[in-house]
Amino acid sequence: MMKDLFTNYTNALRPVEDTDHIINVTLQVTLSQIIDMDERNQILTTYLWVRQVWMDAFLTWKKEDYDGLDTIRIPSSYVWRPDIVLYNSADDEFSSSMETNVVLRNDGQVMWDQPAITKSSCSVDVAFFPFDLQQCNLTFGSWTHNGNQMDLFNALDSADLADFVPNVEWEVLGMPAKKNVIVYGCCSEPYPDITFSLHLKRRASFYIFNLLIPCMMISFLAPLGFYLPADSGEKVSLGVTVLLALTVFQLLVAESMPPSESVPLIGKYYIATMTMVTASTALTIFIMNIHHCGGEARPVPEWAERFILKYLARICFVYEVGENCLGGARKEPLSQEGSDSPSANGGSTKGANWDVNGKAWGGKVEVEPLKMGWGNRREILVKCLCQHQELGKNVEYIANSYQDQRAAQLRIGEWRKVAKVMDRFFMWLFFIMAFFMSILILGKSV
């Protein structure tokens, strides 16, 4: 039978009785597996089963002549095969197909099932990574035969997905097929092709748990830097540490993404979070400068006292510290207790006696009229009055110093209260910003 079929048969020519006839090839593709999607190099690797069916006018026989044999299987190299290739192939060797047998029927129908591992170029759009949808086209067509010699038809409206092995990263939404007839610039004849559009949706769970949630947790640490006490010395260190951690995550994302002008969604989230952390660190430095205002600083301005210490403090629930500073820096009258004047001990100098050195003592001075004249007594009295005036000046200096120190402490307390209110305000503000940014990016996964 083989000798009868292949006598005067050549597999180098189209198997048509008239060279003006068009040979029709029916193409069917079955997607078996998505092996790899290389976003950085934009290459899709798939495992396909490609079925091609055509009519060979020279390979027919009557089954009655061969004991009712209507089908045979022979090596595909024995018969003419259409030169259908993957137009957008990215394979280095162009030999990913496998040489298999063809099924030959007695009416001349040839069916060739060919498994192939294909590498096709795919334009990857990472604008919404990791919640992105991708469309990769696989275009099949004849390399040398134009539409006047060979025509292509779809066996189905889409690729067969019945035997598809699920992929851990990509979910297949569909693979519709479409026939195109294109006239290229090099030739005037039309060239038909069949394009299978593979629609993919990324499974984002891996990236949510390994890239997004850690970033969110780190970003929520940035507002807590405002809650740290200013005297702890770790406020700026916390902001810098958070910024470095976000930079590491940003580098991990950048390594897997193709270098393009389209910034992925997660990259925009990282940049926004890093900007927020940088702003919080700069504001922390500014607030710490306010907190450490010394006694030589000028009093809190009236507008700041009214807006920050009264209204903003209530909004931010700051009540426990600095309430005695709300009235501003006032000078309180100096208490008479604790002064160094002779009347500080609750007594009076009335009736007290002074010695020759100007010191008072409890007894009375017994001056013998005969030994101390009026001139001597006058000299002692003048000396005592001079010592008393000098002592009064010293007491007044101490009182003024105490009042100045008290006013400086009041100013320091007011500025620290301003710093604390600003800390609380920016803490809540950045918490709200981080929360809304997290909600926006997670909303893309729904």
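Along the sequence shown, residues carry numbers from 1.
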- Kindly check if the number of other-residue, nucleotide or ligand heavy atoms within 6.0 Å of CG (Asp18) is above 12? yes
- Pair Lys235 + Asp423, salt bridge at N-O below 4.0 Å: yes
- Query: Once you round to the nearest 0.5 Å, how far does CH2 of Trp143 lie from OH of Tyr87?
  - Reply: 7.0 Å
- Residue pair Arg73 / Thr71: nearest heavy atoms and the distance that separates them: NH1-CG2, 4.0 Å
- Would you name the heavy atoms of Met111 and Val53 that are closest together and state the gap between them? CG-CG2, 3.8 Å
- Separation of Phe6 CZ from Ile74 CD1 (nearest 0.5 Å): 3.5 Å
- Can we say Lys179 and Asp151 salt-bridge, meaning some charged N sits less than 4.0 Å from an Asp/Glu carboxylate O? yes
- Task: Salt-bridge test for Asp107 and Arg105: reply yes if a basic N is under 4.0 Å from a carboxylate O, no otherwise.
- Result: yes
- Query: Under 6.0 Å between the ring centres of Phe226 and Phe425?
  - Reply: no
- Message: Looking at Tyr66, I'd like to know if its OH atom is crowded, meaning that more than 12 non-hydrogen atoms belonging to other residues, nucleotides or ligands lie closer than 6.0 Å.
- Response: yes
- Do you see a donor-acceptor pair shorter than 3.5 Å between the side chains of Trp112 and Thr100? yes
- Query: Who passes ring pair (Phe, Tyr, Trp, His ring centres under 6.0 Å) against Phe249, sequence neighbours left out?
  - Reply: none
- Query: Is a side-chain donor or acceptor of Asn146 paired with a backbone partner of Asn148 at a separation under 3.5 angstrom?
  - Reply: yes
- To the nearest 0.5 Å, what is the distance between CG (Leu133) and CZ (Arg202)? 10.0 Å
- Task: Report yes if the side chains of Trp170 and Lys201 come closer than 4.5 Å at any heavy-atom pair, otherwise no.
- Result: no
- Got Met276 and Met433 here, is their nearest side-chain heavy-atom distance under 4.5 Å? yes
- For atom OH of Tyr227, decide whether the heavy atoms of other residues, nucleotides or ligands shown that lie under 6.0 angstrom number more than 12. no
- Might you confirm whether atom CZ of Phe153 has over 12 heavy atoms from other residues, nucleotides or ligands at distances under 6.0 Å? yes
- Item | Side-chain heavy-atom pair Val236, Thr281 within 4.5 angstrom cut-off | yes
- Item | Qualifying disulfide (SG to SG under 2.5 Å) pairs with a residue from residues 112-185, counting only residues at least two apart or across chains | Cys122-Cys136
- Query: How would you list, by chain and number, every residue that makes a side-chain contact (heavy atoms from CB on, under 4.5 Å) with Trp49, sequence neighbours excluded?
  - Reply: Thr30, Ser32, Tyr47, Pro115, Asp163
- Message: According to ring pair (Phe, Tyr, Trp, His ring centres under 6.0 Å), who are the partners of Tyr269, at least two apart in sequence or on a separate chain?
- Response: none
- Task: Taking all non-hydrogen atoms of both residues into account, name the closest pair between Asn88 and Thr139 and its distance.
- Result: OD1-N, 3.4 Å
- Task: Inspect the surroundings of CZ in Phe307 and state if more than 12 heavy atoms from other residues, nucleotides or ligands are less than 6.0 Å away.
- Result: no
- Taking atom CG of Asp4 as the centre, report whether more than 12 heavy atoms of other residues, nucleotides or ligands fall under 6.0 Å from it. yes
- Message: Which heavy atom of Cys215 sits nearest to which heavy atom of Leu246, and what is that distance?
- Response: SG-CD2, 3.5 Å
- With Glu64, which residues qualify under side-chain hydrogen bond (donor to acceptor under 3.5 Å, both in side chains), at least two apart? none
- Message: Has Arg14 got a side-chain atom pairing as donor or acceptor with Thr19's backbone, closer than 3.5 angstrom?
- Response: yes
- Task: Over all heavy atoms of both residues, which pair between Met150 and Asp83 is shortest? Give the atoms and the distance, please.
- Result: CE-OD1, 4.1 Å
- Item | Rounded distance [0.5 Å steps], CG in Leu442 versus CE in Met437 | 12.0 Å
- Item | Trp80 vs Trp54, side chain to side chain contact (heavy atoms under 4.5 Å, CB included): CA-CA, chis, key distance, verdict | CA-CA 10 Å; Trp80 177 88; Trp54 68 93; 3.7 Å; yes
- Query: Given side chains that start at C-beta, do those of Thr60 and Asn106 come closer than 4.5 Å, heavy atoms only?
  - Reply: no
- Supply the atom-to-atom distance Leu152 CG to Gln52 CD, rounded to the nearest 0.5 angstrom. 8.5 Å
- Polar side-chain atom of Ser237 near backbone of Glu234 as donor-acceptor pair, under 3.5 Å: no
- Task: I would like to know whether Tyr9 and Asp56 meet side chain to side chain donor-acceptor pair (under 3.5 Å); could you show each step before the answer?
- Result: CA-CA 11 Å; Tyr9 180 84; Asp56 194 320; 2.7 Å; yes
- Query: Counting heavy atoms not belonging to Phe58, are there more than 12 under 6.0 Å from its CZ?
  - Reply: yes
- Message: For the backbone of Glu255 and the side chain of Arg40, can you confirm whether one donor and one acceptor N or O come within less than 3.5 Å of each other?
- Response: yes
- Item | Derivation and outcome, side chain to side chain contact (heavy atoms under 4.5 Å, CB included), residues Val418 and Leu309 | CA-CA 6 Å; Val418 170; Leu309 296 182; 3.6 Å; yes
- Task: With sequence neighbours left out, write down each residue that passes side-chain hydrogen bond (donor to acceptor under 3.5 Å, both in side chains) with Gln134, or none if nothing qualifies.
- Result: Asp132
- Derivation of the side chain to side chain contact (heavy atoms under 4.5 Å, CB included) call for Lys178 and Ser197: CA-CA 8 Å; Lys178 181 182 178 181; Ser197 299; over 6 Å; no
- Message: Taking the basic N atoms (NZ, or NE/NH1/NH2) and the acidic carboxylate oxygens, is any pair closer than 4.0 Å for Arg81 and Glu99?
- Response: yes
- Message: When you compare the side chain of Tyr191 with that of Asn180, does any pair of heavy atoms fall below 4.5 Å?
- Response: no
- Backbone N or O of Leu48 within a donor-acceptor pair of the Thr46 side chain at under 3.5 Å? no
- Item | Considering all heavy atoms, the nearest Met175-Ser158 contact | O-CB, 3.1 Å
- Got more than 12 heavy atoms from elsewhere within 6.0 Å of CH2, Trp428? no
- Value for CG (Leu44) from CG (Leu200), rounded to nearest 0.5 Å, stands at 6.5 Å
- Side chains of Leu156 and Gln28: does their closest heavy-atom pair fall under 4.5 Å? yes
- Show the numbers, then the answer: is there a side chain to side chain contact (heavy atoms under 4.5 Å, CB included) between Ile182 and Asp193? CA-CA 8 Å; Ile182 302 175; Asp193 64 64; 3.4 Å; yes
- Query: Can we say Asp70 and Lys63 salt-bridge, meaning some charged N sits less than 4.0 Å from an Asp/Glu carboxylate O?
  - Reply: no
- Item | Within-4.5 Å side-chain heavy-atom neighbours: Val277 and Val242 | yes
- Task: Find out whether Asn167 and Gln33 are in side-chain contact, i.e. whether some heavy atom of one side chain is under 4.5 Å from a heavy atom of the other.
- Result: no
